[in-house]
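Quick notes on the structure that follows.
In listed order, ligands and their atoms are each counted from 1.
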Amino acid sequence: MTSIAANLQAVNARIAAACAAAGRGRESVSLLAVSKTWPATAVRAAAECGQRAFGESYVQEAAAKIDALADAGLEWHFIGPLQSNKTRPVAERFDWVHSVERLKVAQRLAEQRPANLPPLNVCLQVNVSGEASKSGCAPHEAMPLARAIAALPGLRLRGLMAIPEPTDDLGLLRGRFALLRQLRDELNAGGLALDTLSMGMSGDLECAIAEGATLVRVGTAVFGER
Ligand SMILES: *Cc1c(COP(=O)(O)O)cnc(C)c1O
């Protein structure tokens with residue numbers, strides 16, 4: 001077995017154990033394999049093990065991999081910082097964007113999404129760490145922003161994403177993830193229909209699943225140290 005195959009098995013076992021511990025079905029959490037910095041051959045090895053969804057942070061690097069793997073029927077998620085003047089290749093090539101934090105970026109993506117493609121799935125990135133983080137909208141901005149994004153053509157607002165600040169304090173971390181879940185619940189109570197909570201990475205996926213993650217973004221534990 002290749003190390004990617006063994007790693008994928010181990011990550012899937014961790015997800016299954018975390019779901020069981022939280023009393024959740026295994027199918028309620030999906031694995032996004034974060035392949036940034038890894039070559040197309042590594043993505044292909046993971047795809048051969050049945051992994052379908054891959055996350056990328058850099059547009060140019062991703063575009064080359066998407067081309068190289070066009071035959072494999074994969075799902076591509078953009079998870080990196082996104083400026084409003086760099087949206088076109090993301091709108092044209094990806095299936096999902098997790099890192100939308102401003103209306104301007106969402107408007108560009110909506111305008112640039114080709115009409116022959118299905119709507120682009122979008123998550124609103126929220127800063128759940130206060131002053132300890134700079135990316136994501138403030139929690140109090142989430143409701144008006146989500147409403148505005150949900151009204152745009154060419155996009156489908158699926159949920160919320162967060163990257164808490166690095167910390168060894170598990171209680172603090174759980175609180176960050178819980179905040180994102182509470183926000184999702186408030187938005188849904190306010191009339192939205194969000195089915196995705198994108199939170200949890202290699203080091204903290206158990207904690208995120210305990211707090212309701214529906215998608216974990218895992219790089220290092222699948223592909224190795226970057
Ligand atoms: C790189 C990255 C990940 C994966 O992190 P690992 O610790 O390697 O699992 C997840 N989410 C985002 C937004 C990333 O940039």
- request: Number the atoms of ligand 1 from 1 as they appear, then name those within less than 4.0 Å of a heavy atom of T220, with their elements.
  value: 6 (P), 7 (O), 8 (O), 9 (O)
task: Give yes or no for whether the N/O distance cutoff of 3.5 Å, strictly under, is met between G219 and ligand 1.
output: yes
- prompt: Below 4.0 angstrom, N of the basic side chain to O of the carboxylate: do R176 and E165 qualify?
  reply: yes
query: Which residues pass the ring pair (Phe, Tyr, Trp, His ring centres under 6.0 Å) test with F177, sequence neighbours left out?
result: none
- request: State which residue, out of L32, L197, D204, V29, fulfils the side chain to side chain contact (heavy atoms under 4.5 Å, CB included) condition with V216.
  value: V29
message: If the cut-off is 4.0 Å to any non-hydrogen atom of I79, which atoms of ligand 1 fall inside it?
response: 11 (N), 12 (C), 13 (C), 14 (C)
- request: Please indicate whether D168 has more than 12 foreign heavy atoms, meaning atoms of other residues, nucleotides or ligands, lying under 6.0 Å from its CG.
  value: no
message: Do the side chains of E48 and R44 get close enough for a salt bridge, i.e. N-O under 4.0 angstrom?
response: no
message: Under a 4.0 angstrom heavy-atom cut-off, which atoms of ligand 1 come close to S57?
response: 15 (O)
query: When you measure from atom 11 (N) of ligand 1 to every protein heavy atom, which one gives the shortest distance, and what is it?
result: R217 NE, 2.9 Å
query: What are the atoms of ligand 1, with element, lying closer than 4.0 Å to any heavy atom of I163?
result: 13 (C)
field: K36 with E61: basic N within carboxylate O range, under 4.0 Å
entry: no
message: Does the residue G203 have a heavy-atom contact with ligand 1, meaning some pair of atoms that are separated by less than 4.0 Å?
response: no
message: Taking 4.0 Å as the limit for heavy-atom contacts, which would you say applies to S202 with ligand 1: side chain only, backbone only, both, or neither?
response: both
field: Exercise: do S99 and Q125 side chains pair donor with acceptor under 3.5 Å
entry: no
message: Is it true that E56 and S35 share a donor-acceptor pair across their side chains at a distance under 3.5 Å?
response: yes
message: Just to confirm my output: which protein heavy-atom neighbour is closest to atom 10 (C) of ligand 1, and how far is it?
response: M201 SD, 3.1 Å
message: I'd like to know whether ligand 1 has R226 as a neighbour, heavy-atom separation below 4.0 Å.
response: yes
statement: Under 4.0 Å from one or more heavy atoms of V218, ligand 1 contributes atoms 9 (O)
message: Below a 4.0 angstrom heavy-atom separation, can you tell me which part of K36, side chain or backbone, both or neither, approaches ligand 1?
response: side chain
